[in-house]
Amino acid sequence: MKIYTKKGDSGSTSLASGLRVSKADPRVELYGTSDELNSQIGVAISFLPKNSQLQSHLEKVQNLLFELGSELAGYRKKDGSSCILDEDIKELESCIDRWQESLTPLKHFILPGGTKSASFLHVARTTTRRLEREVVLQKESGLEIFPENLRFLNRLSDFLFVAARYSNFEEKVEEPQWKSRAKGN
């Protein structure tokens, strides 16, 4: 299979439905941002220590993001439902709750950083928030967006925040704290 088709040389691409659209189409932006997020999680995984509790959960998220990206590109299941299931969201919540049991409760804001994997997980968290904003904008513009997709993205940013904290915990790296000049701390 050739990687290059030359079909996009004029600035157009095909959606999952086969419809040709401009590469500036909002749906292309949505699935492109989902792909960017997936890549950032892949980088974070590459820096995890062996036997990390995070790896299998992050890889599952990567698979879900691939499905979400195809859905944002126009793919629809035969039954018309979302590729994101309620159980996917519940699994994110379960991980958040389980990992937080090991973490020191937050009393201060923390800065993105610590281990390389934690730093990339924070980057992924902020990309998740951007994707969430883009999805909301397109939903408000009339694009069909499943409610599960919005709930998943909202929960995913929380999941990635806690995963970043847990990555620092696993490697015994102290989280950088925000020091406010205005508050003097």
Side-chain angles (χ1 to χ4, degrees), residues 1-47 54 57-96 111-113 116-164:
M1 174 177 151
K2 280 191 171 190
I3 295 297
Y4 59 92
T5 63
K6 301 182 183 181
K7 292 179 182 177
D9 290 353
S10 65
S12 67
T13 190
S14 292
L15 295 176
S17 65
L19 177 68
R20 298 285 300 169
V21 296
S22 165
K23 288 185 177 182
D25 187 285
R27 292 167 289 189
V28 176
E29 184 67 29
L30 291 177
Y31 73 74
T33 304
S34 181
D35 187 37
E36 178 184 350
L37 170 57
N38 205 335
S39 298
Q40 292 167 349
I41 292 171
V43 173
I45 290 170
S46 75
F47 287 112
L54 299 171
H57 300 288
L58 291 169
E59 288 171 349
K60 182 165 186 180
V61 165
Q62 283 189 293
N63 281 287
L64 290 172
L65 284 170
F66 203 87
E67 291 186 38
L68 177 62
S70 68
E71 193 168 280
L72 295 172
Y75 171 79
R76 292 293 183 261
K77 289 173 33 179
K78 289 180 183 173
D79 68 3
S81 65
S82 175
C83 64
I84 302 297
L85 307 174
D86 284 334
E87 64 194 48
D88 299 323
I89 298 162
K90 287 180 176 141
E91 186 169 338
L92 293 178
E93 292 170 347
S94 175
C95 288
I96 292 168
L111 299 174
K116 290 177 183 176
S117 57
S119 298
F120 278 107
L121 288 167
H122 278 295
V123 172
R125 172 186 56 81
T126 62
T127 303
T128 303
R129 287 294 189 201
R130 177 165 37 95
L131 177 57
E132 182 182 24
R133 291 188 303 269
E134 292 170 0
V135 167
V136 168
L137 178 66
Q138 293 313 311
K139 181 180 192 291
E140 290 174 353
S141 297
L143 189 65
E144 180 188 23
I145 301 291
F146 293 108
E148 295 90 348
N149 297 354
L150 283 171
R151 288 197 343 263
F152 175 75
L153 290 171
N154 188 39
R155 208 68 76 250
L156 181 58
S157 63
D158 297 331
F159 169 90
L160 292 169
F161 176 77
V162 176

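The analysis underlying the following values was restricted to heavy atoms, covering all of them including side chains, and did not include hydrogens, waters or symmetry mates.
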message = Can you confirm whether more than 12 heavy atoms, excluding those of Phe146, are under 6.0 Å from its CZ atom?
response =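 For Phe146, atom CZ is crowded (more than 12 foreign heavy atoms under 6.0 Å).
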task = On the 0 to 90° scale, with breaks at 30° and 60°, tag the Phe161-His122 ring pair as parallel, tilted or perpendicular.
result =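 Perpendicular, since the angle between the ring planes exceeds 60°.
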inquiry  = Taking Lys90 first and then Glu93, would you say they form a salt bridge - that is, a charged N and a carboxylate O separated by under 4.0 Å?
reply    =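 So Lys90 does not pair with Glu93 through a salt bridge.
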Testing the basics here: between [X] and [Y], what is the closest heavy-atom pair and its distance to 0.1 Å?
| X | Y | answer |
| --- | --- | --- |
| Ile41 | Ala124 | CG1-CB, 3.9 Å |
| Thr127 | Gln40 | OG1-OE1, 2.7 Å |
| Ala118 | Gly113 | CB-O, 3.6 Å |
| Cys83 | Glu71 | N-OE1, 2.6 Å |
| Arg129 | Asn154 | NH1-OD1, 2.9 Å |
| Gly69 | Tyr31 | O-CB, 3.2 Å |

message = Please evaluate residues Leu65 and Phe152 with respect to the criterion side chain to side chain contact (heavy atoms under 4.5 Å, CB included), reporting the C-alpha separation (whole Å), side-chain torsions for both, the decisive distance (0.1 Å), and the verdict.
response = CA-CA 10 Å; Leu65 284 170; Phe152 175 75; 4.2 Å; yes
Considering only distance and modelled atom types, tabulate donor-acceptor pairs under 3.5 Å from the side chains of residues 133-143, sequence neighbours left out.
{"from": "Glu134", "atom 1": "OE1", "to": "Thr33", "atom 2": "OG1", "distance (Å)": "2.9"}
{"from": "Ser141", "atom 1": "OG", "to": "Leu137", "atom 2": "O", "distance (Å)": "3.0"}

ask   = Under the 3.5 angstrom rule, does the side chain of Ser34 hit a backbone N or O of Leu30 as a donor-acceptor pair?
value =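 No; zero donor-acceptor contacts below 3.5 Å.
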task = Could you tell me whether a side-chain N or O of Gln62 sits under 3.5 Å from a main-chain N or O of Asn38, the two making a donor and an acceptor?
result =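 Side chain of Gln62 to backbone of Asn38, a donor-acceptor pair under 3.5 Å: yes, one is there.
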request  = Using ring pair (Phe, Tyr, Trp, His ring centres under 6.0 Å) as the criterion, list what pairs up with Phe159, not counting sequence neighbours.
outcome  =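 Ring pair (Phe, Tyr, Trp, His ring centres under 6.0 Å) check on Phe159 returns Trp99.
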Partners of [X] by salt bridge (Lys or Arg N to Asp or Glu O under 4.0 Å), sequence neighbours excluded?
| X | answer |
| --- | --- |
| Glu87 | none |
| Lys60 | Glu91 |
| Asp35 | none |

ask   = What is the distance from atom CZ of Arg27 to atom CG of Leu72, rounded to the nearest 0.5 Å?
value =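 CG of Leu72 is found 11.0 Å from CZ of Arg27.
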task = Please round to the nearest 0.5 Å and tell me the distance separating atom CD1 of Ile84 and atom CG of Asn149.
result =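 Spacing of CD1 (Ile84) from CG (Asn149) equals 6.0 Å.
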message = As a test of understanding, state which of Leu92, Asp86, Asp88 forms a side-chain contact (heavy atoms from CB on, under 4.5 Å) with Arg151.
response =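 Exactly one candidate clears the test, Asp86.
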Do [X] and [Y] have side-chain heavy atoms sitting under 4.5 Å apart?
| X | Y | answer |
| --- | --- | --- |
| Val43 | Val123 | no |
| Leu160 | Leu58 | yes |
| Ile45 | Leu54 | no |
| Leu156 | Leu64 | no |

request  = Apply side-chain hydrogen bond (donor to acceptor under 3.5 Å, both in side chains) to Asp158 and list each qualifying residue two or more places apart in sequence or on a separate chain.
outcome  =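 Testing Asp158 for side-chain hydrogen bond (donor to acceptor under 3.5 Å, both in side chains), a comparison that skips the adjacent residues, returns none.
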inquiry  = Set out, in order, the CA-CA distance, both residues' side-chain angles and the distance that settles side chain to side chain contact (heavy atoms under 4.5 Å, CB included) for Leu153 and Leu68, then state yes or no.
reply    = CA-CA 10 Å; Leu153 290 171; Leu68 177 62; 4.0 Å; yes
